[in-house]
K.L.:
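Got a structure for you, written out below as structure tokens; questions coming shortly.
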Amino acid sequence: MVSMEVSSCISAVQLAHSGLGITIVPSRALEALGGIDCFCRYQYGEIPDAWDVNVVYKKDSYLDRTERGFIELLKSVFP
């Protein structure tokens, strides 16, 4: 697995939407790029005094075992 860190939530969403992995971003980053309905995502509810947690990736893209496992982990942490 290769990881990359970017300083912009917008850049992270654009990379994931292009098929270059997955990202965790606040909902406002998705809203800035056309709204949450424009993306394939999982939303993990609201955490008091924190951001909503979303995992974003390109629709119909292949997610390897590590990526699917990470999403499952997030689902268990943020029911």
K.L.:
How many angstroms lie between atom CD1 of Ile22 and atom CG of Leu63, to the nearest 0.5 angstrom?
P.N.:
7.0 Å
K.L.:
Can you measure from OG1 (Thr23) to CD (Glu5) and round to the nearest 0.5 angstrom?
P.N.:
10.5 Å
K.L.:
So which residues get pulled into Leu20's cluster when ILVMFWY side chains under 4.5 Å apart are joined, directly or through others?
P.N.:
Met4, Val6, Leu15
